[in-house]
Amino acid sequence: MERYNFKRVEEEWQKKWESSKEFSTKVDRTKKKFYCLEMFPYPSGKIHMGHVRNYTIGDVLSRYKSLKGFNVLHPMGWDAFGMPAENAARENNLDPKDWTNSNIKTMKSQLKKLGLSIDWSREISTCSESYYKHQQIFFLELLEKGLVYRKENYVNWDPVDETVLANEQVIDGKGWRSGAIVERKKLSQWFFNISKFSEDLLKGLEELKTWPNKVKVMQKNWIGKSFGSEIDFKVTGDIPVKSIKCFTTRPDTLFGLSFIAISIDHEISKYYINDSGFQKFKEECSKTGTTEEAIAIGEKIGFKTNLTATNPLNLAQKVPVYFANFVLMDYGFGAVFGCPAHDQRDFDFAKKYNLEINTVVKPYDENDNFKVTNEAYPGPGTLINSEFLNGLDAPNESVNETIKILEARNIGKKQTNYRLKDWGVSRQRYWGCPIPVAYDTSGKVYPIPIEKLPVKLPENINLKVKGNPLDHLNDWKEIEIDGKKLIRETDTLDTFVCSSWYYLRFCSPNNHDYGFSKDEIDYWMPVDQYIGGVEHAILHLLYSRFFMRAIDYKNKNFNIQEPFQSLFTQGMVCHETYKDKNNNWLRPDEVEKVNNIVVKKNNPDHEVKVGPSESMSKSKKNVIDPEFIIENYGADSVRLFILSDSPPEKDVQWSEQGMVSSYKFIQKFWILHNEILNVVKKNSSNDKRDENLEKFLNKTIFKISNNLEKFQYNVIVANMYETYNYLVKYIKEEVSVISLKENYIKILICFLPVIPHFANECLKTLGIKKINWPDYEKYLMDDDEVNYVIQVNGKKKGLIKSEKNISQDKLMNLIKNNEKLTRFFKKNEIKKVIFVKNRLINILINE
RNA sequence: GCCCUCGUGGUGAAAUUGGUAGACACAAAGGACUUAAAAUCCUUGCCCUUUUGGGAGUGCCAGUUCGAGUCUGGCCGAGGGCACCA
């Protein structure tokens, strides 16, 4: 017997799959479809272990579903626009396109070596003209529908990347990619009107039953719906302003009013532009630190105006108006009313400026003299000191009642607010999808006519310029449409736009006139299972959900609104980190273990500091190169290991020993397979069936099928090891050839999703061509014998093997004849017996 | 500060959904084979007992139940998300 040559076998099968177009799919309405999609990669150079895990999980599912008879769509493509290409190209004097395409070539060949069941005929790349042409058409469609607009406002400016970032791309006040501290800058920008769909995006979450709760909660919080009312406050003072509009979720605390606070960007600020005190205050505000957290816990400061506001429910009460650093311009109306007794921020502010603290809500267990003193009381209770509102239950009853009164008196109305803001999509970069518009000298917007699309990115350009390279290309910028001389938009689209609709393109990758064909969308969409990292919980997933709605808006393309029926977020691949004496990171292959001490390789005196296991990253050098591993152990071994150690949704620890043991498992199984092969070649005409074997293997089929449905891929690997351990023992004893052959084939098919090359090879040596997922037999699921657990007063005292469905009396007799068991209650009276059929018996006695 | 998730051996983890806790794997220790090593195989894994055996045990404390890793309440701890959202 030849030892298992994974290199030869894997290569052969991969070639076979490629030449027979095994995984290419077409619309086939006679079959049920299954659309399995993994988040497509950014072509950064080489694949990493995270990709291996992500795509193995998807591949296991795809292969399982097609064995089950589904028409499976399992495509792959490239999220190919973006900054790294531009940076790498600039550093190495390359064209971003060449850099990107060469990375795609490398990564594609690496993915192929994993033996993924991908329909490569549907491969797409977002940086190709045939892809971004359709994106430009979509852009113009949305413009036409009023879902895209241009406005000047403050943006998050990344000074390192010299580009604008969306709110979602600012993390702890820093750029999500560069890590630079983000600045505020006023620019003219294109926006997608995602906030128009706030309510719909929120409601849609309820439909997504099989999304991780965590992701739904994050999106819900991000959308941030809050219910309350707007209230008009009349103001008097030395400027021509009559009223200030505030948003509040607690209109019922209006009698607790003690000041009005407005944002420094509030329109009223224009009257204070020349006020040196206000200028000073603005400067002060910008100093409070840059991170969100610093701002959140920072001191509340204000600048007092000469304005006086009147409480609309108590006209006798006049309160001061402040500019305050804690009021946000882009939420509500940029103005709030201060109620120090029941809001901690207002409380802190009132303490600092010696403002009144009027208690208007008392906790249920306090009396009417309750007074807020040390900290605000935001909890529930009963309204007090509020005239006609007194006695109302806060907040539910009192908020609704107050809104009714405000509306009746025409001083406010019910209002729902969302935190979600519109999506700024302009980026001052070269390597992205050009925005297909132009401007005349007055700044009027002209869409580029559809027949002139795509607006192509110019090639061979100079990247070594400050800011956006496209801005420097006068030849490209100046165009003529209908005899009018215009200047092109030089901003490109945020790359998240590209990934917001790629799942649609996969359904019709070659559709020429439009981004997709309705016919194919109707068949394939929605994605039945989407798999990817949880880091896209908000950005990519929310944008995609928006995009479906936006394209559907007014012209009804789809029967469905949600692009991703099910979502699975896989965990990361982690590895220990290593640092040498000089605190430099070391790669795992630069260290070794000598006498249980980790040292630098070939340098036993240089002890290495072992850090915690963290997500593999280039910066910490704790990476394992998949290509090296595939080269040494084979694709099946890697697939097996990456699934084996942890549930797919949790982080997994990379372990060299674990990897080796997966490799050995396949080698050992090959030996076993050959032994089985020898046995089943024997004539089996008068061979008896072996029910025990059939039952064991049948249960395994049941378990693996079940675990596949539940994404418990780590347990499947355990099931595979159990099967091996069982068969190794079995083959040494008397063997039922017929039972073994029939069921062993089924078992190999169950192994196929995880280790496809190996399982296919084994099936080939058995002469099996037609492969379908095996059904388990119900009649083989039950055992004739069961192990009864014998409990005395709820504690396990022993086991009794008996036939199935035995009566309670018969079981009691067995127990009474069992010396080891009967002694527990010989001397004591039996009070009660709990009998659970085929499972256990619990005998209660007096002790 | 608010929200979400999770606490099971030395480690990663299983547990038919309320019914034998620790499947499967990694690591460790001991043993077999070997001149030796590697590889392979076997055994062990908390406490008491020489053994037979007995006891404790799923972060902690209560509760429900004949029976709780699983359900309820409280506490402690870890991870993640949001962050002046009025």
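Quick caveat: nothing in here was measured; it's all calculated off a predicted structure.
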Start at the 5' end of RNA chain B and walk down; is the nucleotide closest to Gln712(A) or to Val336(A) reached first?
Gln712(A)
Checking all strands, does Pro647(A) fall into the base, sugar-phosphate, or nothing category for heavy-atom contacts under 4.0 angstrom?
sugar-phosphate
How many whole angstroms separate atom CG of Asn706(A) from atom C1' of U17(B)?
12 Å
Pull out every protein N or O sitting under 3.5 Å from an N or O of nucleotides 24-27 of chain B, one pair per line with the distance.
| residue | atom | partner | partner atom | Å |
| --- | --- | --- | --- | --- |
| A25(B) | OP1 | Asn725(A) | ND2 | 3.4 |

Integer angstrom distance from the C1' of G69(B) to that of G18(B)
11 Å
Using the glycosidic torsion, which applies to G9(B): syn (within 90° of 0) or anti (everything else)?
syn
Output one line per pair: protein atom, nucleotide atom from nucleotides 38-48 of chain B, and distance, for all N/O pairs under 3.5 Å.
| residue | atom | partner | partner atom | Å |
| --- | --- | --- | --- | --- |
| U40(B) | OP1 | Lys664(A) | NZ | 3.3 |

Counting only Watson-Crick or G-U wobble pairs whose two distances fall under 3.5 Å, which nucleotide matches C2(B)?
G81(B)
Quote, to the nearest angstrom, the P distance that separates G57(B) from C47(B).
16 Å
Could you list the residues that satisfy ring-ring contact (aromatic ring centres under 6.0 Å, His included) with Phe323(A), not counting sequence neighbours?
Tyr272(A), Phe278(A)
Every protein N/O within reach of nucleotides 1-6 of chain B N/O, cut-off under 3.5 Å:
none

Does NZ or CZ of Lys300(A) come closer than 6.0 Å to the centre of the six-membered ring of Phe349(A), within 45° of the ring's axis?
no
Can you confirm whether or not the ring centre of Phe751(A) sits under 6.0 Å from the ring centre of Phe669(A)?
yes
note: Lys699(A), atom NZ; A23(B), atom C1'; distance rounded to Å ~ 14 Å
Please report, rounded to the nearest Å, how far the P atom of A13(B) is from the CD1 atom of Ile716(A).
17 Å
For Tyr633(A), check ring-ring contact (aromatic ring centres under 6.0 Å, His included) against everything at least two apart and list the hits.
Tyr663(A)
Please confirm whether the shortest side-chain N or O distance from Gln344(A) to OP1 or OP2 of A86(B) is below 4.0 Å.
no
Looking at residues at least two apart in the chain, or sitting in another chain, which of them share a side-chain hydrogen bond (donor to acceptor under 3.5 Å, both in side chains) with Ser243(A)?
none
Decide whether a cation-pi geometry holds between Arg419(A) and Trp222(A); the criteria are a distance under 6.0 Å from NZ or CZ to the six-membered ring centre and an angle within 45° of the ring axis.
yes
Tyr322(A) and Leu355(A) have their tightest heavy-atom pair at OH-CD2, 3.8 Å
Could you check whether Val833(A) gets within reach of a base, just the sugar-phosphate, or nothing at all, counting any heavy atom under 4.0 Å?
nothing
Distance check needed: C84(B) C1' versus Asp346(A) CG, whole Å only.
10 Å
Correct closest heavy-atom pair for Ile231(A) and Pro251(A) would be CD1-CB, 4.1 Å
Roughly how many Å apart are G45(B) and C24(B), using the P atom of each and rounding to a whole number?
15 Å
In whole angstroms, the gap separating P of A86(B) from CG of Asp348(A) amounts to 17 Å
Polar pairs (N or O, both sides) under 3.5 Å between protein and nucleotides 55-59 of chain B?
| residue | atom | partner | partner atom | Å |
| --- | --- | --- | --- | --- |
| G55(B) | OP1 | Lys797(A) | NZ | 3.0 |
| A56(B) | OP1 | Lys795(A) | NZ | 3.2 |

Would you mind writing out the side-chain donor-acceptor pairs for residues 833-840 of chain A within the sub-3.5 Å range, not counting sequence neighbours?
| residue | atom | partner | partner atom | Å |
| --- | --- | --- | --- | --- |
| Asn838(A) | OD1 | Asn805(A) | N | 2.9 |
| Asn838(A) | ND2 | Asn805(A) | OD1 | 3.0 |

Students often mix this up, so state it plainly: with edges at 30° and 60°, are the rings of Phe665(A) and Tyr724(A) parallel, tilted or perpendicular?
perpendicular
Can you tell me how far OH of Tyr721(A) sits from OG of Ser662(A), rounded to the nearest 0.5 angstrom?
4.5 Å
Quick one: side-chain hydrogen bond (donor to acceptor under 3.5 Å, both in side chains) partners of Lys650(A), sequence neighbours excluded?
none
note: Gln219(A), atom CD; G80(B), atom P; distance rounded to Å ~ 20 Å
Can you give one letter per nucleotide of nucleotides 63-69 of chain B, 5' to 3': B if a protein heavy atom sits under 4.0 Å from the base, S if only from the sugar-phosphate, - if neither?
---B---
Using the side-chain contact (heavy atoms from CB on, under 4.5 Å) criterion, which residues pair with Asn396(A)? Sequence neighbours excluded.
none
Would you sort out whether Leu205(A) and Arg545(A) count as a side-chain contact (heavy atoms from CB on, under 4.5 Å), showing the intermediate values?
CA-CA 10 Å; Leu205(A) 290 172; Arg545(A) 297 182 60 223; 3.3 Å; yes
How would you list, by chain and number, every residue that makes a side-chain contact (heavy atoms from CB on, under 4.5 Å) with Ala537(A), sequence neighbours excluded?
Val215(A), Met218(A), Val534(A)
